[in-house]
Each structure stands twice: as structure tokens, then as C-alpha cells.
Amino acid sequence: MTPERELELILAAANWLRYTSKHIRGVSAVTALCEKGLTPAQARFAVKYAGDVDSMMRHAANDNGV
């Protein structure tokens, strides 16, 4: 797998996490992503990235008075 393709998979996984509720996933985020074919390391990176994006979005919303 090329580094570019791996990054695409991780970013897609992070996006899926951001928009899929825990109730629908039914298992931990890492487990759900591994079931979708990511390695544990890729899954952990996607979870961290999804959390970082959410944090940045909340921070930006607060800066804009939202």
C-alpha cells in the first residue's frame, strides 16, 4: 500500500468516526475500524485525528462566538 493510499484510508476512517454514533458502531472505535480492515496502528491514528478535528472545530466555533 502506498503512503498516499494509507493516508486516504485513515482520513476516511476518521471521517466515518466523526459522523457515526457510538450507538450505531456498537463496539470501540478501534475495534470498529479494525473490523473495517485497518490495522490497530492505523485505527488508533484515525481515532486521534478524528478527536483532533472535533477539538479544532469546537475551538473555532468558540472563537467565532457560536
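- Between atom OH of residue Tyr49 and atom CG of residue Leu11 there is a gap of 5.5 Å, rounded to the nearest 0.5 Å.
- Leu38 has its side chain out of reach of Phe45: every pair of non-hydrogen atoms, C-beta onward, lies at least 4.5 Å apart.
- A distance-only check finds a donor-acceptor pair linking the side chain of Arg25 to the backbone of Thr20 [under 3.5 Å].
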- Query: For Arg44 and Leu33, what are the C-alpha separation, side-chain angles and deciding distance, and is it a side chain to side chain contact (heavy atoms under 4.5 Å, CB included)?
  - Reply: CA-CA 9 Å; Arg44 287 189 303 271; Leu33 294 176; over 6 Å; no

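- Rounding to the nearest 0.5 angstrom, the gap separating the NZ atom in Lys22 from the CG atom in Leu17 is 10.5 Å.
- Taking both residues in full, the closest heavy atoms of Ala50 and Ala14 are given as CB-O, 3.6 Å, listed atom of the first, atom of the second, then distance.
- Of all heavy-atom pairs spanning Gln42 and Glu6, the tightest one is NE2-OE2, 2.8 Å.
- Side-chain heavy atoms closer than 4.5 Å link hydrophobic residues (I, L, V, M, F, W, Y) into clusters, and following such links, possibly through other members, connects Val47 to Trp16.
- The shortest non-hydrogen separation linking Ile10 to Ala46 is O-CB, 3.7 Å.
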